[in-house]
Structures are given as structure tokens and as C-alpha cells.
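Below, read A as the first sequence line, B as the second, and so on, with proteins coming before strands; counting in each chain starts at 1. In this text, all values refer to a predicted model and were calculated from it rather than measured experimentally.
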Amino acid sequence: MDPVLKIDSLKKVYGKGENKTCALNGISFQVMPGEFLGIMGASGSGKSTLLNCIAAVIAPSSGSIEMNGKEISKLSGKKLAEYRGKDMGYLFQNFELIDNLTGKENILLPVSLHGGNEKMCADRLEKLSSYLEIKEILNKFPTQMSGGEKQRIAAARALILNPGMILCDEPTGALDSKNAKSLMTKLSGLNREEEATILMVTHDSNAASFCSRVIFISDGTLFHELRREEGEAQKAFYDRILKVLAQLGGGVGNVL
Amino acid sequence: MFSKMVFRNSVRSHKENALFMSSLIISIIAFYVVLSLSSQDVMRYLKTLESEAIQKLFAMIGVLYGFTLFIIFALVFFASRFQIERRSHEFGVYIMMGMKRSKLFFMLLLEDLSSSLIALLVGLPVSVLVTEVISLLTVKMVGIGFMGHQTTFSLHAVLLTAAGFAAVKLASVLILSFLLLRKEVGTLLSDAPDNVRKKNYPVIQAILFLLGALLLILAYRNGVSGTAWERTTAMGQTVLLGIVGTLLLFRGMRFLIGLIARKIPAGKLRVFTFRQIEDTVIFKSGSMAICSILILVAAACLAAGISIFCSFDLYDTKRVDYTLTNTFNGGNTDLVKKIDEIGLSDKFSYLGILRISHPYNAVEGNDFDSAFSGEGFEKIRDQLDPEFKGHYEYRRLDGFPFMIRLSDFNALMTAHGEEAMMLSENELGLYRSASFNDSEELDNEALAQKPHVTLAGKDFVMTGKVQKGPIVSDSYITLSGALIVPDETFDALAGDKTEIYVNGILDRSQYTRDTMVELYTEINRKMDRFGLPYESYLSNMGRQLFYLVAASYVTIYLALIFLVVANTILGVQFLMGQKRTARRYKTLVKLGADHSDLYSSSKKQVNWFFGIPILVATVSTYFAVRALFQGILSSRTKLNISAMIPIVVVVVAVFALVEYLYMHIVKRSSSRFLATLMTPEREE
Ligand SMILES: Nc1ncnc2c1ncn2[C@@H]1O[C@H](COP(=O)(O)OP(=O)(O)OP(=O)(O)O)[C@@H](O)[C@H]1O
Ligand SMILES: [Mg+2]
């Protein structure tokens, strides 16, 4: 099977001269279709930079990012907008819902921005909202929703166009543990049932334990990689993640 | 370092805010236009005719200047507030970095100074240009080109303009920085919280909307039917109905927007655009209503001003150009001879005398009220219109009326090109000056019934139509009611106490519209030289001209000021709202919207935000202008519908242009602001 995403010796250098920061230092990895990949690392290790490069929000200094065999740095104009809108779905730490649109209107925004079959979208909306249990709140405004509800609305929005890949930057960051757990359950469910490929940056080892694979970044390079074995209990995977984090010595994760 | 920052900030803010700069420049023009009024060519000319009226004008300039100061303060204050509010985050950062508040205040002051200087440098030359154009234009319209143009530039006006502008700017920056510096750093740093969405109550919205519409319709009806003009309270009531109606209409507008805006195709961000429009209607309904009213007032003022100005056409009116009267130095027939002697008689197509008197010989003892009894006439009028009794009490013929000698009167009317009056020995005619002739229809109906009256104990029949043609050159002799009396009766009753006027009508073939004033000036000079006691139509015209010019000048000026204020408020409100809700746009960018998507949504929002108040104002203006013509203008200007059309075209064109420019400026500013949101920034 071909990988959905192929990242090869990616480098990103911010600033010039004295102020130079090397945020990514030749990192390489691949993501297979249907994978749920977690990305962990200490603060400042380059996680967000990596995600932004993949989302084509910032341009890498060197290296290549291939999405379904297409080099994304070669995209421009309409193609680029299409890539951002259709091939990618996003989940943000702070939800990024528009406060004067209802839940449903928020979910359908990508459809109107990037085009899509109305009928198919209606069906998909129906399916997603019942799966994510947001049917009752579709006509509410974000200010009338709880954090968990907001993030589930945002998840529906990220999935509405059935993108090739979903990027999440700390999706549980603003949620309490209960809401975080329910969101992760839904996400991994979608991952399994819809074979949605998910890339998730997180500090939260609990959230990471839902992934099928976790990579650890340190100083802009790949430090370690964990794969959840066939049939491995989530608790066992979680413990393994904690161990790596301890080695990473960053005091990250659940360590106080 | 500090001064560099100030300079950079102010240059940047000018670039960013065309709206702010144009408000400042318009303020300067407004000040200068008022202050240079006295050096306009028309005003210089009027000074030679009506120095007394000019004194009044100077008093008026003071009032106008004060008013302008007030309005411009509101304008500058509002525009600067936006300017400061959009940078509150920046100021918060300065304070966090340890900048003292006093230093921040100093910085604001310096920035303000530099923006004021730039505005003055651009604004003053533009003002001078604008006033020159106005001056040349009015001279052309009035037809006093022979005066020669003199520049309107006046150092006095320039200095006062700069002073007024500086005062307004200083006051607003002081108040604003006081308000700013009192705030907590935290409030400065955080973007203003998003408005909490109010719950939607469609039924209440609909009721408010319909109620507003109803009140407006009532106001329109009052205005158009003329009831509003009957009493001050009725007028106050109408204005109140209009204001409250407009406010309610906008309060309930959400109901209508919900129905309309959703259906309108609006590109990719249709739903978002609709919600944004809905938001403005919900949260800004008050300012939209006020701006709508301001635009209405502006349009009504402009229409009134232009029609007053256009009604200035004395060329075509019937008039007596010169009246000479010399009650002291014996025979007035001498005056006719004198005119001939100094070689002026060939300028006139008519030169003749008019005798006016009272029935002195019919008075018994001291009972002056017994000479005439018009009861027969009054009774018929009272029967025809019972209300007449109360309304036109002063239009009754009294017991000692003026009499006009029939043959003199007929000679003059024939010269005016009107029919002579045929009266037999026992008949009388009725004369009223045009300004008192508001009961003409009723009078004619009554006269048609040939009422019997008694003059000096003898029976007479009143007949014919009411006469209203001018009988002397100036309006200083106006007769609310006089009898036109056959010659023998006149001579018998007047005795030797007759006032004799020598009237002259200029020969039309000797002048045109453009040279009319010049000819007057020339003849006046000659009569002055020979000491003839004359009144010329020119002084009457001067008086009228003065009121016309002053009234139209002030109304047009106010119209433009109101228009500018309304549009600035709308523009600033929009941009401020957009800044406050920048987050929404940022989210859209993250979801893959590009600048053109955001811009087209923003353009549509501007169209609606400006369009709704303009639309409401347009409807109201239609009725307001009709009411104006119904009320004050009709009697003064006698404009007919076809004469109204070019005025309406001009008003609409001016408004369309101003609105287009403002909307364009706001769209450009918004586009620039949206561009700053385009690079998705790191959120940590
Ligand atoms: N726009 C930028 N300009 C300069 N340096 C930057 C910029 N963005 C990131 N960096 C630097 O690059 C490095 C990696 O940053 P990045 O945001 O990718 O870290 P991160 O892993 O997401 O951290 P965190 O867990 O705190 O979110 C950091 O040292 C940061 O200071
Ligand atoms: Mg990060």
C-alpha cells in the first residue's frame, strides 16, 4: 500500500543570522492510509511547525512533503486552496468556530468555501451528527455550547468534505478529561469505521494512547516511535508512552 | 527613537485610514466655507445693496460657525475614537513594556498634531478651491458677472479655520486619551469581547417593524397632506412620529432581513455574510436609524436649498422697475419731466402715475370706520367657508380702506400686459398685494355673487376678479385689501390728500437676463446723481436675493455636513465592527478562505450596511420633499413638477456620488484590514 503522506528530510529554519532557530532538522516519516498517528514532544520541539508545514501554511526550508504522490510545495493558487480545503481537515485547540454561525452553519462552511455535492453533504451531515451526538445542538450558537460540544462540532466540520487527512493540533487541550476522553473515543471510532487518516499533535498521553502509532520529536528530529500492537490493551500502550516520555526527560505528559 | 516611532505611527495610520483623513479634510473645508462666506462675490455685491441684511448675515456666520464646531467635533471625535480603539492592543503592549502613561499620552498628542498638520496642508488649498468654485457658480446663476470676480481667499478665514480645527482636534484627543489611559491594561490587551447574541423573537421583531412602518406612514401622511404645517405642535408631532417610527423600523429590521437576505445569492460565504448582516441589524440598529435620519435631513435640506436657489428668477416676473414719489416738493408730474430731462425716459417702456388714497371726504367727524361697509361681501365669504372667519381675520376690509384710482390702475395693468378692469359708475374692484392673496379663490367666488357694499353712504356692487399685479416697485407698500374705485368717485372722496407714485417699467428690448442687474445699477447711479427720490426693484431684488442666497447657502451647507457625518458614522461603525470580529475572519482563513472570498463578503456587508439606511432615507425623503413643497416652498417658489425634476436629478446624483465614494473608501479600508488577517498566525 502507498503512503498517504511522505515526509522526507524536512527542514525548517526560522529567522536569520543571530536569531536563527532550527525548528525542524531533517525529519522523515510516512503515514499510511487509515492510520491514527500521534505526534508528541517537549514544548518547542517543532510539533506545530511540522503540522503547519503539512497544512501548507508555512513553507519548509528544504525537504519534501508528498501528499498522495503530489509534492505540495509545487501547488499554488487554486490548487493550493483546494489542497488546504478539500484534502485536509483541521481540528484546533481552541475550536475555531465562528460565533455568529449556528453549529450546522459552521459544519457546512467548508462545503460552501470549497464546493461539494449538497445532497451528499446533507447525508454526511446527518451521519456525522448522529455519530458525534450533536444533533440537538446543530441549531445552537457556539456561545450556547460546552467545550466538548464545540470540539465535536469542529470535528464534524473537519470531516464534512471527507478529506484525505485530518490534522489536529492539541484537540483536547481546552477540554477536561471527561470531554477529552469522549472526543478521543469518537475520533478513533471514525478512524476505524471511516478509515480516516488522522494526524494529531498532543501533550496528553491519555489522548495519545488512542492512536495506532505515536512518534516522538526532539529538537526537530525523530526521537522515537511506538506502534500499538494488534490486540494490545489501551492501558498497556499508555504505559509505554509514559516510559518514552520519561526517557525524553521533558517532564511532559502526565508528570506533574 | 521616540519621535521616529510617532512619525512612523502617524504615517501608517494615515495610510490605513483613508476614512479618518477624509473626515479631517472635510471638516477643514466645512470651517473654511462658512468663514469665507463674506468674501464671496455675491455677498460683496449684496453689501452694496443691503448692508443691514449683511450685518444679519455676519451674526448668522457666528451661529453657523458654532454649529459647525459642534458637528465637526462629533465627527472628529468619532473618527479618532475608531483610530485609537483599533490600536488599543498596541497601546496595551507599550504599557506592559513599561512605557509611562504620561509618555503614551504625549505620543498620542504628537501623532495627533502631525495628522492635523497634514490635514491642514491638504485641506486648506482644497477649501480655497472649493469656495472659489462656489463663488463663480453663484455669480453665474445670479447674473452679476459685470462685478468682476475677486478671489475669496482670506487670511482671516484661514486662521480661524485652523484655530477651530485645532480646538476640535485637541478637545477630542484630550477626551479620548483620558478615556484610554483610565482603562486597565488587561482590557487594552484583550480584543473587545464578542457581542452576545440575543435571542430571536420573530413575532416581536415583526410587530416592532410594522409599528415603525405604521408610524412612518402616519408621519408621511401628515407631511404630504399639509396638516403638519398648520401648527407647531402638529409639526413636532410629525417629526416625533418620523423619528420614533424610523427607530422602531430598524429595531424590527431583523425580521425583514431574515426574510430577504437569506434568499440573496452571495457567493461562497453566503451564510456567513447573511449572519454578519443580521448582526449589524441587531447590534447597530440604533446608529443605522440615526444615520438614516441624518441622510434624510441632508436630502431634504439639499432639495430645499437647491429649489430655493433655482427659484431665484426675477427676470420673468411682472414688476414695476422704478417708483418715484415726492410728496413734499409739490407736483409729481415734474418727476416724469425730470426723468425725460436727464435722458432716461427712453429706457422705459412705460412711465405713468398711480394715485392712491382713502375716502377722506366720506368721514363724518372723527368716525373713520364709517366711510365704508363691506358687510355684504364678508357675509358671503363667511357663508362660503365658515372656517374663513377665524383664519383670515386680517383680510377683512375695514371701514376706512385704501382706494386705487381706476384709470391709473388700468394703465399700469395694460403695461403689464394684463386686461384692463371695466367698472361702471356704481361698481368697485378688489385689490390685494400678492403676499396677501392667499384667499384668492374664496374672494373670487364671493365677488362672482356681486355683493352689495356701501361707500360714503352710497350703494356699490363689488365685481370682477381680485387684482394682484404689482402697483409699485418695492414691496414696502403692500395692501392687504384695497378698493379699485372709478375715477369720479375717487376724486370726489380723496380730495387733495392723494399719494402720487410715478411708476416706470424698463424696456425689455434693452436688456437680457445677464445684463439686467447691470442696467439697474447704471440707472440708479444716474438718478442718484440728479437727486431723484426713487425706489428701484433692485433693492427689493437685493433683499430677496439676499434671503435666497443665504437660505440656499445654509441649507445646502447643512445638507452636505449631515451627509458627511452620517456616512462617517456608518463607515467607522462598520470598520470598528469588522475589527472587533476579526477572529471570525481569521477562522475563515484557517478553513481555506482566500482574500477575495473575504473581500466579496465584506463588500456585500458594506452594501447592506449602507444600503438599508439609504433605502429607508430615500423613501422618507420622497415624502419629506413633497411635504416641503406642500408647506413652505410652494408659496415662495411656485415650482411645478417639471421644474422639480432637474432638482431631484441633481439631489440624487450628488447623493449617489457621495455614497459611492464613501462605500468605496470603506471597502478599500476593509480590504486592507482583511489582508492583514491573511497569514494564519501562530497561536500558542
Ligand atoms: N514564527 C516563528 N519565528 C521564529 N521562531 C519560531 C517561529 N515559530 C516557531 N519558532 C521556534 O521554532 C521552535 C519550534 O516551535 P513549535 O511551535 O513548532 O514547537 P511546538 O513543539 O509546537 O511547541 P509547543 O508544544 O509549545 O506548542 C521553537 O523553538 C520556536 O521558538
Ligand atoms: Mg505547538
Minimal non-hydrogen separation, B:F272 against A:N100, with atom names: CE1-OD1, 4.4 Å
Working to the nearest 0.5 angstrom, can you tell me the gap between A:I98 CD1 and B:Q276 CD? 8.0 Å
Decide yes or no on side-chain contact (heavy atoms from CB on, under 4.5 Å) for B:R275 and A:T102, but give the supporting numbers first. CA-CA 9 Å; B:R275 289 292 188 193; A:T102 61; 3.3 Å; yes
Enclosure of A:K104 NZ (heavy-atom neighbours >12, cutoff 6.0 Å): no
For A:L113 and B:L591: C-alpha separation, side-chain torsions, deciding distance, then whether side-chain contact (heavy atoms from CB on, under 4.5 Å) applies. CA-CA 8 Å; A:L113 270 174; B:L591 294 178; 4.2 Å; yes
Can you tell me if A:D219 has over 12 outside heavy atoms packed within less than 6.0 Å of its CG? no
Mind checking the CG-CG spacing from A:L101 to B:L269? Nearest 0.5 Å is all I need. 9.5 Å
Between the side chain of A:S112 and the main-chain N/O of B:K268, is any donor-acceptor distance below 3.5 Å? yes
Chain A contact via B:D594 - side chain, backbone, both or neither, heavy atoms under 4.5 Å: neither
A:E96 and B:R583: CA distance, side-chain angles, deciding distance, salt bridge (charged side-chain N to carboxylate O under 4.0 Å, His left out) verdict: CA-CA 8 Å; A:E96 294 288 347; B:R583 247 209 111 78; 3.5 Å; yes
May I ask you to check if B:K590 and A:F92 form a cation-pi contact, with NZ or CZ under 6.0 angstrom from the six-membered ring centre and within 45° of the axis? yes
Do B:T587 and A:L109 have side chains that get closer than 4.5 Å, going by heavy atoms? no
Return yes if some donor-acceptor pair links the side-chain N/O of A:H114 with the main-chain N/O of B:A593 below 3.5 Å, else return no. no
